[in-house]
Amino acid sequence: MPPSTAAPPPADDRDPLRAALLAWYARHQRPLPWRLDPSPWRVWVSEIMCQQTRVASVIGYFERFMARFPDPEALAAVDLETLYPFWAGLGYYARARNLHAAARQVVTEYGGEIPSDPEQFGALKGVGRYTRGAVMSIAFGHRVPVVDGNVVRVLCRWFNVADDPKTPGVQRWLWATAGALADGPQPGDLNQALMELGATVCTPRSPSCLVCPLASACQGRRAGDPERLPTKTPRKGPRAVARSVALSRTAEGHIWLVRNPDAGLLGGQWALPGAEGEGPAPLAALGLTVADGPPLGQVTHTFTHQRWALTVYAATGRPQVEGAAEIAAHPEAALDGLALGGPTLKALRKVGVAVAARRGAGRT
DNA sequence: AACTCGGGGAT
DNA sequence: ATCCCAGAGTT
């Protein structure tokens with residue numbers, strides 16, 4: 001029923017639970033680094049890094065990033081190639097490019113000061129409705145909502161919403177309901193409380209309803225089996241892609257790598273030269289001479305929408321890859337300082353090239 | 001509205 | 001193996 005009414009719950013139902021959420025959050029929040037010092041820049045960077053990424057895997061990247069880029073000016077002053085190693089392994093590299101562009105916007109348009117106006121901040125590259133709400137509420141205290149995957153789950157269970165949350169009607173209801181909750185004291189804490197609850201209590205599977213501050217009001221629980229919510233849409237499986245890549249060394253033993261163009265998959269990341277297809281033929285098309293004998297190894301790497309089967313061949317020669325941003329031979333000792341894509345990292349390890357297990361360890 | 005865009009932790 | 005995560009941009 002809630003989505004069809006498209007109205008937030010009445011205030012007198014909302015306020016006691018709002019207080020319960022804030023009390024629960026004050027007691028049970030995780031001590032995350034950006035909560036120690038919630039400056040606009042730190043909150044912004046944390047929100048970008050956390051997009052579609054678990055908090056636990058962000059923390060290390062966040063600390064290294066902030067040590068090297070303590071403010072928008074520091075990021076605006078470097079080029080993308082300097083930034084990429086700090087993002088390598090975190091995924092979704094357009095986030096890094098957009099943040100870099102946005103930092104330059106802040107410097108040129110706002111004198112280096114992050115705008116506190118939601119309209120202005122929301123116009124920056126890579127800042128969508130969620131990130132705008134998060135930074136504006138957490139760092140500036142504006143009473144604006146956030147709706148992320150956690151909030152969707154919490155609200156759909158709380159109000160027993162069985163319709164697909166991706167539909168426009170439910171989206172409107174979600175933002176309106178989250179907006180009503182955020183419209184009060186401590187909007188940043190309230191927003192974080194909803195997300196924290198979704199991340200630690202109202203989890204996708206096996207929610208801990210017994211310790212939930214909303215349990216008595218939860219309509220999804222009252223209706224039975226809150227775990228069925230939110231309704232999930234069936235997703236397509238990844239498309240299978242066969243790729244051949246080459247381990248080609250110079251006379252000095254340096255390894256030929258190519259850097260992907262910024263746009264597209266693994267944008268800006270270094271990779272072993274290769275192409276779609278099976279066997280040595282795709283590599284010969286790159287001007288490489290493939291050694292006789294069996295391939296050096298095989299690895300698989302699954303993205304959201306593609307499943308790569310990578311075959312590594314020993315080869316000689318300098319690769320000629322159409323559209324590459326850069327082609328260069330690197331000594332093995334220098335590989336750790338490069339932004340290496342996931343599939344290449346796996347392939348190098350598979351064929352015995354030592355690469356540090358630690359990811360995102362940018363030079364400082 | 002449907003795709004693209006990563007990687008990993010939890011189950 | 002599957003799910004899904006402090007989403008945004010493009011088509």
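Numbers restart at 1 for each chain; the letters A, B, ... are given by sequence-line order, proteins then strands. A quick note: this is a predicted structure, and the numbers were derived from the prediction, not measured.
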- Task: Please check if the side chain of A/T108 supplies one atom and the backbone of A/R104 the other of a donor-acceptor pair under 3.5 Å.
- Result: yes

- Item | Interatomic distance where CG belongs to A/N150 and P belongs to C/dC5 [whole Å] | 6 Å

- Message: Base, sugar-phosphate or nothing for A/G264? Non-hydrogen atoms, less than 4.0 Å.
- Response: sugar-phosphate

- Message: Measuring only the P atom in each nucleotide, how far is C/dT11 from B/dG6? A whole number of Å is fine.
- Response: 16 Å

- A/Y92 OH to B/dT4 C1': how many Å, rounded? 8 Å

- Of the listed nucleotides C/dG9, C/dA6, B/dG7, the one nearest the side chain of A/N98: C/dG9

- Judged by nearest nucleotide, the residue sitting upstream toward the 5' end of DNA chain B, A/A94 or A/R205, is A/A94

- Distance between the C1' atoms of B/dC3 and C/dA6, in whole angstroms? 22 Å

- Within this structure, what is the CZ-to-P distance between A/R307 and B/dG7, rounded to whole angstrom? 15 Å

- Nearest to the side chain of A/K232 - C/dC4, B/dA1, B/dC5? C/dC4

- When we call it a touch if two heavy atoms are under 4.0 Å apart, what does A/T53 touch: a base, just sugar-phosphate, or nothing? base

- Message: Any N or O donor-acceptor pair under 3.5 Å from the base of B/dG6 to the side chain of A/T304?
- Response: yes

- Query: Are A/F69 and A/F86 near enough that their ring centres are under 6.0 Å apart?
  - Reply: yes

- Query: In terms of the nearest nucleotide of DNA chain B, which residue is placed more toward the 5' end: A/K236 or A/A56?
  - Reply: A/K236

- Query: Looking only at atom types and distance, does a side-chain atom of A/T177 sit under 3.5 Å from a main-chain N or O of A/L174, one as donor and one as acceptor?
  - Reply: no

- Query: Closest to the A/P343 side chain: C/dA6, B/dG7, C/dA8?
  - Reply: B/dG7

- Does the separation of the ring centres of A/F159 and A/W173 fall below 6.0 angstrom? yes

- A/H305 side-chain proximity, nearest of B/dT4, C/dC4, B/dG6: B/dT4

- Item | CA sep, side-chain torsions, deciding dist, call: A/H330, A/W270, ring pair (Phe, Tyr, Trp, His ring centres under 6.0 Å) | CA-CA 11 Å; A/H330 301 267; A/W270 288 95; 4.5 Å; yes

- Message: Of the options C/dA6, B/dC5, C/dA8, whose atoms approach the side-chain atoms of A/E47 most closely?
- Response: C/dA6

